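From a predicted model like this one, the values you see are computed outputs, not experimental measurements. Residue numbers start from 1 in every chain, and the chains themselves are labelled A, B, ... in the order their sequence lines are given, proteins ahead of strands. Every heavy atom of this structure was used, including side-chain atoms; hydrogens, water molecules and symmetry mates were not.
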Amino acid sequence: MKLLQWRPIRAKNKKLWFSSIPQQNPNPIHSPLFDNLAQLCHQKDLQKAMGVMNVIEDHHLRADPITYSSLIKLCIENRAVNEGRRIHRHLSDDDRPPKLFLSNSLLSMYVKFNLFEDARHLFDEMPERNVVSWTTLISALVHLDSREEAIDHLIAMLREGVRPNMYTFSSVLRACQTLRMLWSIHCCIIKCGLELDVFVRSSLIDVYSKYGDLEYGYQVFDEMATRDLVVWNSIIGGFAQSGDGYKALELFIGMKKAGFLANQSTLTSALRACTGIVTLEMGRQVHVHVLKYDRDLILNNALLDMYCKCGSLAEANAVFQRMKERDVISWSTMISGLAQNGRSIEALRLFESMKAAGPKPNYITMVGVLFACSHAGLVEDGWYYFNSMAKLFGIEPGREHYGCMVDLLGRAGKLEEALNFIDSMGFQPDCVIWRTLLGACRVHRNSCIAVHAAKEILKLEPEDEGTYILLSNIYADSRRWNDVEQVRKAMRDQGVRKEPGRSWMEVGKKAHVFIVGDFSHPEMDCIIKELNRLIGRITDVGYVPDVKFVLHDLEREQKEESLRYHSEKLAIAFGMMNSMHGKPIRIMKNLRICGDCHAFAKLTTKVENKTIIIRDPVRFHHFQDGICSCGDYW
DNA sequence: TTAGGGTTAG
């Protein structure tokens with residue numbers, strides 16, 4: 001634990017107060033100046049009030065502490081730093097220390113002015129401190145992200161015999177970022193009898209879900225008899241941020257049923273939940289509620305992100321254009337959104353506009369820019385941005401930027417160069433980097449480097465299912481069936497099982513899930529009929545099932561049969577049966593789309609005059625008129 | 001006089 005930073009109360013401090021300015025006795029009379037000062041404070045006329053305070057000081061008088069308290073409040077309201085300091089000096093200019101509550105007011109004033117060193121100095125010099133003094137300082141430390149110091153101060157406070165209250169705990173909980181520490185503080189809260197306080201509970205829910213275990217957070221929420229809006233927001237935000245969008249939306253609906261009106265924070269979390277589970281319809285419904293908060297930047301950024309991640313760039317762009325204010329997050333979201341949806345050139349064009357008129361790019365903006373370069377095969381541009389980002393924007397390339405460069409080189413087929421680049425990095429490559437290279441090896445059929453990359457991944461993550469699948473796909477592509485079998489054996493030995501391909505989509509307000517080889521959907525007979533009709537139509541324009549995407553060594557006929565029922569094909573057929581005129585079919589997929597399904601989707605859009613959008617774990621494929629936005633490069 | 005909830009990548 002770090003050495004404690006505060007200074008304990010010393011007797012000499014007390015002496016200081018008594019020896020500083022001994023000119024005048026405490027004034028026993030009541031002056032009309034005091035009434036005047038109190039009235040000016042009431043009228044919120046800071047300038048005149050300060051003038052009167054100066055006169056009072058010139059006469060070595062001292063007004064009522066309540067009046068000074070109002071004056072400090074007035075300074076905070078007006079963000080009048082100099083005046084605030086002036087009052088502090090005036091109050092110190094006496095042989096008696098200010099009342100404790102006045103020192104606390106000054107402390108709070110410094111914290112609100114972000115003058116933490118002044119606050120700490122005052123705190124150190126205070127002859128006595130109560131729970132408010134400690135809580136003010138602890139809360140400031142938490143806001144400054146000095147977590148360890150905040151906890152140190154809580155311990156010091158307990159040692160000095162000051163009992164924390166609900167204010168203290170609702171602040172200090174945010175300083176706990178390990179489950180063990182959370183438990184300790186939670187026990188302390190129970191011992192102090194403060195577990196039922198609604199502020200403490202919302203903090204508990206928030207920190208449990210962020211740093212500990214969402215289940216504990218939910219338990220704290222579930223046990224509550226009386227909940228307020230922030231408590232609901234804490235639990236909805238907890239599920240939304242942890243990726244359980246369904247539960248978050250279920251709670252969002254529960255909150256409305258309980259009679260609460262969603263505010264900006266609720267809606268931001270609801271949008272994040274929609275983003276997580278890619279539910280454009282629900283996202284649009286939430287958008288209706290967002291309209292009344294059209295000046296809220298965070299909420300609009302979340303809306304923008306939802307439309308980007310749900311593959312609706314037209315709606316995302318409409319939001320972006322309408323935004324009354326845009327910050328670096330708005331720009332970065334839009335740039336990444338365009339890049340992920342296969343519109344890299346537009347992403348880079350937008351980046352140029354940002355450089356000309358927008359805020360300064362940050363670390364994440366540059367990840368989006370490099371992502372755009374790599375997905376469009378713009379090797380030279382990628383190198384330029386990578387090499388100049390430190391000089392131009394003061395951003396040193398980090399792990400993610402290196403990852404984008406490996407992707408850029410790998411996609412462009414420069415696999416040796418990518419491998420050398422990995423070797424030249426100043427840090428150990430992680431699984432993400434090796435997986436990126438492995439993906440490129442698959443596209444470019446380089447089984448030699450692929451095996452190297454896969455082995456590196458399996459050294460770091462011996463149970464990584466995706467790597468086994470990718471490796472066996474590479475072998476299958478080269479018809480190395482013995483090697484395929486060996487990979488499958490290694491998977492069995494490690495107890496790793498292939499996650500089945502799963503596609504899902506919304507029709508009406510219902511989600512329909514399709515799993516490869518699973519025919520349990522109630523409309524499956526019609527779906528198969530529709531699928532056969534589509535295959536018949538695209539066969540007329542040259543479709544031949546690309547059997548190399550089938551994992552096992554089967555007879556051709558069996559392979560074709562296996563390909564035919566891939567989950568995305570079932571979903572496309574179902575989408576064709578239910579889609580409305582002019583509306584695209586939107587499908588989500590848990591794994592990368594296979595080459596055959598990619599070709600199937602392209603030809604279907606050509607013969608059926610329909611748009612199909614498939615989102616895989618990394619990007620979108622927008623299929624239209626027989627072409628895909630990814631440029632057949634994924 | 002002190003307190004709780006929301007946005008961009010990977």
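- Between the C1' atom of B/dA9 and the CG atom of A/Leu304 lies a distance of 15 Å, rounded to the nearest Å.
- In the set B/dG4, B/dT7, B/dT2, B/dT7 carries the atom at the smallest distance from any side-chain atom of A/Ile298.
- Aromatic ring centres of A/Phe123 and A/Trp134: separated by under 6.0 Å.
- Using a 4.0 Å cut-off, no side-chain N or O of A/His153 falls inside it from OP1 or OP2 of B/dT2.
- Side-chain N/O atoms of A/Lys210 include none lying less than 4.0 angstrom from OP1 or OP2 on B/dG4.
- Side-chain rings of A/Phe199 and A/Phe169 stay apart, their centers remaining 6.0 Å or farther from each other.
- Here the side chain of A/Gln340 is nearest to one of B/dA9, B/dA3, B/dG6, namely B/dA9.
- Between the CD1 atom of A/Ile236 and the C1' atom of B/dG6 there is a distance of 11 Å, given to the nearest Å.
- In this entry the distance linking CD of A/Glu400 with C1' of B/dA9 reads 7 Å, nearest Å.
- Rounded to whole Å, the distance from CD on A/Gln264 to P on B/dG4 is 17 Å.
- Taking the side chain of A/Val231 as heavy atoms from C-beta on, and the options B/dG10, B/dG4, B/dG6, the nearest nucleotide is B/dG4.
- Across B/dT1, B/dA3, B/dG10, the shortest atom-to-atom separation from the side chain of A/Lys73 is found for B/dT1.
- Considering only the side chain of A/Asn301, B/dT7 comes nearest among B/dT7, B/dA9, B/dT2.
- Here the side chain of A/Ser108 is nearest to one of B/dG6, B/dT1, B/dA9, namely B/dT1.
- OP1 or OP2 of B/dT7 has at least one side-chain nitrogen or oxygen of A/Gln241 nearer than 4.0 Å.
- When ring centroids are compared, A/Tyr307 and A/His287 come within the 6.0 Å threshold.
- For A/Asn301 and A/Asp327, the side-chain atoms include at least one donor-acceptor pair closer than 3.5 Å.
- The side chain of A/Asp327 approaches B/dT7 more closely than any other nucleotide in the set B/dA3, B/dG6, B/dT7.
- Side-chain contact check for A/Asn263 and A/Thr266: at least one donor-acceptor pair (N or O, by modelled atom type) lies under 3.5 Å.
- Proximity of A/Arg272 to the phosphate of B/dT8: a side-chain N or O atom is located under 4.0 Å from OP1 or OP2.
- The side chain of A/Ile329 approaches B/dT7 more closely than any other nucleotide in the set B/dT7, B/dT2, B/dG10.
- Residues A/Lys292 and A/Asp294 are not paired through a salt bridge, judged by the lack of any N-O separation under 4.0 Å between the basic side chain and the carboxylate.
- When distances are taken from the side chain of A/Val132 to each of B/dT1, B/dA9, B/dG6, the shortest belongs to B/dT1.
- Stacking annotation: A/Phe101 is not stacked on the base of B/dT1 (requires ring centroids less than 5.5 angstrom apart and an interplanar angle below 30 degrees).
- Look at CZ on A/Phe123: it is 16 Å from P on B/dT2, rounded to the nearest Å.
- Rounded to whole Å, the distance from CE on A/Met354 to P on B/dT8 is 15 Å.
- OP1 and OP2 of B/dT7 both lie 4.0 Å or more from every side-chain N or O belonging to A/Lys309.
- Here the P atom of nucleotide B/dT1 and the CE atom of A/Met126 are 14 Å apart, to the nearest Å.
- At a cut-off of 3.5 angstrom, the base of B/dA3 holds at least one donor-acceptor pair with the side chain of A/Ser170.
- Minimum atom distance to the side chain of A/Lys112 is reached by B/dT2, of the listed B/dT2, B/dT8, B/dG6.
- On a pure distance criterion of 3.5 Å, a polar donor-acceptor pair joins the side chain of A/Asp296 and the base of B/dG6.
- For the OP1/OP2 pair of B/dG4 and a distance below 4.0 Å, the side-chain nitrogens and oxygens of A/Arg201 include no atom meeting the criterion.
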